[in-house]
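Report on the structure given below.
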Protein chains: 2
Amino acid sequence: MTTETDRPAEPERVRAPNIRDVARVAGVSYQTVSRVLNDSPSIRPETLQRVRDAIDELGYRPNQAARALVTSRSRTIGVLTAQTVHYGPQTSIQAIETAAREAGYRLSITNISSTEYASIKSGLDYLMSQSIEALIVIAPQVRVFEAINDLQVGVPFVTLEATGLNTSHSLWVDQVMGARIATRHLIELGHTEIMHISGPQDWIEAEARMQGFLRELGDADLRTRAPILGDWTASFGYYAGLELLRYRDFTAVFAGNDQMALGFMHACRESGLSVPDDVSIVGFDDIPEAAHFAPPLTTVRQNFAEIGRRAVALLLGELRGETEMSHDPVQPELVVRQSTARRS
Amino acid sequence: MTTETDRPAEPERVRAPNIRDVARVAGVSYQTVSRVLNDSPSIRPETLQRVRDAIDELGYRPNQAARALVTSRSRTIGVLTAQTVHYGPQTSIQAIETAAREAGYRLSITNISSTEYASIKSGLDYLMSQSIEALIVIAPQVRVFEAINDLQVGVPFVTLEATGLNTSHSLWVDQVMGARIATRHLIELGHTEIMHISGPQDWIEAEARMQGFLRELGDADLRTRAPILGDWTASFGYYAGLELLRYRDFTAVFAGNDQMALGFMHACRESGLSVPDDVSIVGFDDIPEAAHFAPPLTTVRQNFAEIGRRAVALLLGELRGETEMSHDPVQPELVVRQSTARRS
DNA sequence: GGTCGCGATGTGTACGTTCACATCAGCGCC
DNA sequence: GGCGCTGATGTGAACGTACACATCGCGACC
């Protein structure tokens, strides 16, 4: 656009200046310009300055496509993700972005629209055609995980997920342990009838938290009951709460995430029940708002940013040829606030 | 390549198959393969099939760098953003991603680490060197906005921001109107002493909401008082609330976003005050959790996704040469819940 | 029966960069 | 004074693709 009338001769798609244009202006060969761009040591200071001036004068910007083509190094890390609206993945991505940038890498993020195999494959194809050098998969659904293992990924990759099924390529927060800690906290407060509102069944993390919950209950010889399968949203927690509270055959709830815990507490209020006096609630994630819920929520904190940073460090190490890196899970941590109390 | 003897099990960097490899396998010329890739109409069905088979057999993926180099079309929309952790920008990005993908475009997202001019410039340089075809700026800070206007952006672009200062390139939710609606709601409930907890001063949206607030108060001939400058976080709302509630010289609060409203309500509880009986509170954004706060929050809903979709539509239109597109602001909407009541 | 048009395919070239190698001056050295 | 070395610079390839153009066979047409 910008067909401003004051501009006489329409330049119409002026070709961006290239390395030879710079060379011409600086009075050197294009190779010398290339050397300047790549910080070659053997350049006379005077020449260096001339080239730099020419670059500024023309507003020259190196063409990444050409660079990537010839070096087959895109300096790009691909991120395959399924659900970026959630707090956890989003925080991780942020950390990944920062860490990658510091190492001179950029991110190519692709959301897959569904967890169908075809959709995953097309997302991956897309990233591969960008000549990504490494891949990070933040796809908490079981299916995605399976598909990735099935598909031939030609580059170093890690999956950010919970179970540690595939330890050689995964980086994870020990969700099972987190769930156990949360459940144990409730048990230690004297609760024996504990409900679990879980995330969607096909999410690895939901599954892991459920496992941790069930195992801890089992270890304490307490009655286990079927968890409610939710969808992570506060609304689900609310409606599930309204339903569950009609029969009050439990005194504590372990929610799969903080949002569902919030919704559940809402349902408690509407049902005339006090948290934590009548019902104790533990969440998961420790989103920044959780400290200000009514009451402030006891929850399990995960260091999403740490995971993101580690993922990048791991991949960059692998690209440099370093082999052994730590794959230890990040340990979650219980944050006790006011939504849990000793059973009355 | 790299036949270094010291390295034992070289991963054997096999060159990825290219268009000529496919051509050889299919027994056609590379140009025919290119035609298949670009959906050229004049290909014999039989030839088409042979080429497709060859592609599958070799696992061929077109090299985007080469493509971008020769066409100077990267099929990429750049997104320059400052704060993706916030709900609004994140929701918009999600919508942008979806809309872009549907149009066959991808996103290149760059976070700027600070609002320094140099940082903005380097972010923009970075995007430009990716040969982006269009640019979306989600940078709510005034400074970013200024810098973008200053810098020569060589491609169609829009900024997603609040004031409409630069209507030819901006796409916005009418934040001033949103703030007026929120404030008017409080006034209509009989409140005359209204506080405003604002966002950071350098955010355009914070400024716009503050303006709307002040204007509405002015129109109603009510006393205006200096807004508190916050940082969008629930914690700030909480601590500001504790401080403000020591003098109870107001009966209503308009918070710059839902998080700060949440924190403020927390402070009310701790101060023994009831929302909405003692203090009415209105938030801004309508994050999904707001409906489950205690009490459910009256707030102003913004359609972030709509903004994202529109941004993409606008840019794609411009790329196609269409000139006139709607730049009308998206109208925000008051959602009345239970955090506001008639002044007692 | 030659010309034309058209559908299907092949050949050259350019895109902007980096890499390997070539060149060239200047210097110290025996 | 010829030799080799080194630092600074230049030249000729590639990289993988798309575009413009050329080619070729074939049926239609006057």
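Proteins get letters first, then strands, A, B, ... in listed order; numbering begins at 1 in each.
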Taking all atoms of both residues into account, what is the closest heavy-atom pair of A:I96 and A:I138, and its distance?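 Minimum heavy-atom separation between A:I96 and A:I138: CD1-CD1, 4.0 Å.
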With respect to the phosphate group of [N], does any side-chain polar atom (N or O) of [X] fall under 4.0 Å of OP1 or OP2?
| X | N | value |
| --- | --- | --- |
| A:N63 | C:dG16 | no |
| B:S29 | C:dG10 | yes |
| A:T32 | D:dA8 | no |
| A:R44 | D:dT9 | yes |

Between side-chain atoms of residues 42-49 of chain A and protein atoms elsewhere (two or more places apart, or another chain), which donor-acceptor pairs fall under 3.5 Å?
{"unit_1": "A:E46", "atom_1": "OE2", "unit_2": "A:R50", "atom_2": "NH1", "d": "3.4"}
{"unit_1": "A:Q49", "atom_1": "NE2", "unit_2": "A:D53", "atom_2": "OD1", "d": "3.0"}

Please list, chain by chain and in numerical order, all residues satisfying salt bridge (charged side-chain N to carboxylate O under 4.0 Å, His left out) with B:R52, sequence neighbours excluded.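 Salt bridge (charged side-chain N to carboxylate O under 4.0 Å, His left out) list for B:R52, sorted by chain: empty.
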Report the distance from atom [atom1] of [X] to atom [atom2] of [N], rounded to the nearest whole Å.
| X | N | atom1 | atom2 | value |
| --- | --- | --- | --- | --- |
| A:I55 | C:dT17 | CD1 | P | 10 Å |
| A:R75 | C:dT18 | CZ | P | 12 Å |
| B:N18 | D:dA18 | CG | P | 12 Å |
| B:L37 | D:dT17 | CG | P | 8 Å |

Would you sort out whether A:I136 and A:L80 count as a side chain to side chain contact (heavy atoms under 4.5 Å, CB included), showing the intermediate values? CA-CA 6 Å; A:I136 296 174; A:L80 191 70; over 6 Å; no
Looking across every strand, which nucleic acid part, if any, lies under 4.0 Å from B:T47 by heavy atom: base, sugar-phosphate, or nothing?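 Sugar-phosphate contact only.
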Any salt bridge (charged side-chain N to carboxylate O under 4.0 Å, His left out) pairs touching residues 68-79 of chain A, not counting sequence neighbours?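 Only A:R73-A:E133 qualify under salt bridge (charged side-chain N to carboxylate O under 4.0 Å, His left out).
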Would you find a donor on one side and an acceptor on the other, under 3.5 Å apart, between the side chain of B:N38 and the backbone of B:R35?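 No, B:N38 side chain to B:R35 backbone: no donor-acceptor pair under 3.5 Å.
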If we ignore hydrogens and angles and just use 3.5 Å, is the side chain of B:S131 paired with the main-chain N or O of B:S74 as donor and acceptor?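 Not at all, since once roles are kept as given, no pair shorter than 3.5 Å links the two residues.
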My understanding is that only residues two or more places apart in sequence, or in another chain, count here; which of them pass side chain to side chain donor-acceptor pair (under 3.5 Å) with B:D125?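 Result, side chain to side chain donor-acceptor pair (under 3.5 Å) vs B:D125: A:R61, B:K121.
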Mapping B:L69 and B:R20 onto DNA chain C by nearest heavy atom, which one lands closer to the 5' end?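 This one resolves to B:R20.
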Between the protein and nucleotides 19-24 of chain C, are there any N/O to N/O pairs under 3.5 Å, and if so, what are the atom names and distances?
{"unit_1": "C:dC19", "atom_1": "N4", "unit_2": "A:Q31", "atom_2": "OE1", "d": "2.9"}

Where the side chain of A:S42 is concerned, which of C:dT18, D:dA8, C:dG10 is the nearest nucleotide?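 Output: D:dA8.
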Enter the inter-axis angle for the ends of the helix from C:dG1-D:dC30 to C:dC30-D:dG1 (five pairs per end, rounded to 10°).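 For the helix from C:dG1-D:dC30 to C:dC30-D:dG1, the axes at opposite ends meet at about 60°.
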At less than 3.5 Å, do the side-chain atoms of A:R73 and the base atoms of C:dT18 form a donor-acceptor pair?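 Not at all, since no donor on one side and acceptor on the other fall under 3.5 Å apart.
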A:S108/B:R106 under side chain to side chain donor-acceptor pair (under 3.5 Å): CA gap, chis, key distance, verdict: CA-CA 9 Å; A:S108 183; B:R106 57 179 296 269; 2.5 Å; yes
